[in-house]
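Worksheet: the structure to be examined is printed underneath.
Being a predicted model, the structure only gives us computed values, none of them experimental.
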Amino acid sequence: VRPASVSKPAYLIQLASVKSRSAADLEWTRLKKRYAKLLASLEPSIQKASVPKRGTFYRLRAVGFKTRQQARAFCAKVKAAGQDCLAVRR
């Protein structure tokens with residue numbers, strides 16, 4: 001008997017892009033408090049990115065969406081609550 005294959009969610013939402021890992025951690029804590037019900041089921045994912053001529057940024061993302069449509073629909077709720085949001089592929 002083979003275990004059922006478990007696929008990772010293919011989409012994330014990006015909530016912020018900041019200049020340090022610690023700033024990304026602090027931003028997640030702040031957003032989690034401000035939008036507690038909205039973000040309750042999501043886990044953070046912080047991605048380091050080098051942006052030409054601008055330096056290194058840490059992208060604060062949240063994991064948990066199987067489709068682009070789910071991520072976009074969730075972003076619409078986040079934006080309606082007053083926070084920037086971008087649906088991105090893993």
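- Geometrically, K19 engages F57 in a cation-pi contact defined by less than 6.0 Å to the ring centre and at most 45° from the axis.
- The main-chain N or O of K66 is found under 3.5 Å from a side-chain atom of Q70 such that the two form a donor-acceptor pair.
- For the pair L31 and L60, the minimum side-chain heavy-atom distance is below 4.5 Å.
- K77 has its side chain within reach of L38: a pair of non-hydrogen atoms, C-beta onward, lies under 4.5 Å apart.
- Between Y58 and Q47 the shortest side-chain heavy-atom distance does not fall below 4.5 Å.
- For R72, the CZ atom is loosely surrounded, since the number of other residues' heavy atoms within 6.0 Å does not exceed 12.
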Might you work through the side chain to side chain contact (heavy atoms under 4.5 Å, CB included) test for V63 and R90, ending with a clear yes or no? CA-CA 9 Å; V63 178; R90 183 176 287 272; 3.1 Å; yes

Hey, mind stepping through E27 and L15 against side chain to side chain contact (heavy atoms under 4.5 Å, CB included) and telling me if it holds? CA-CA 9 Å; E27 184 65 0; L15 298 166; over 6 Å; no

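- Side chains of I46 and R21 form a contact here, defined as non-hydrogen atoms less than 4.5 Å apart.
- Within the 4.5 Å cutoff, the side chain of F65 has heavy atoms near those of the I13 side chain.
- A 4.5 Å side-chain heavy-atom check between V88 and R61 finds at least one atom pair inside the cut-off.
- Residues R59 and A49 approach most closely at CZ-CB, 3.5 Å, considering heavy atoms.
- The minimum heavy-atom distance linking C75 with L86 is given by the pair SG-N, 3.4 Å.
- Across V18 and A24, no two heavy atoms sit closer than the pair CG2-N, 3.4 Å.
- Side chains of R89 and Y11: a donor on one and an acceptor on the other come within 3.5 Å.
- Considering only heavy atoms from C-beta on, Y35 stays 4.5 Å or farther from L42 through its side chain.
- Contact check for T56 versus K48: side-chain heavy atoms found under the 4.5 Å cut-off.
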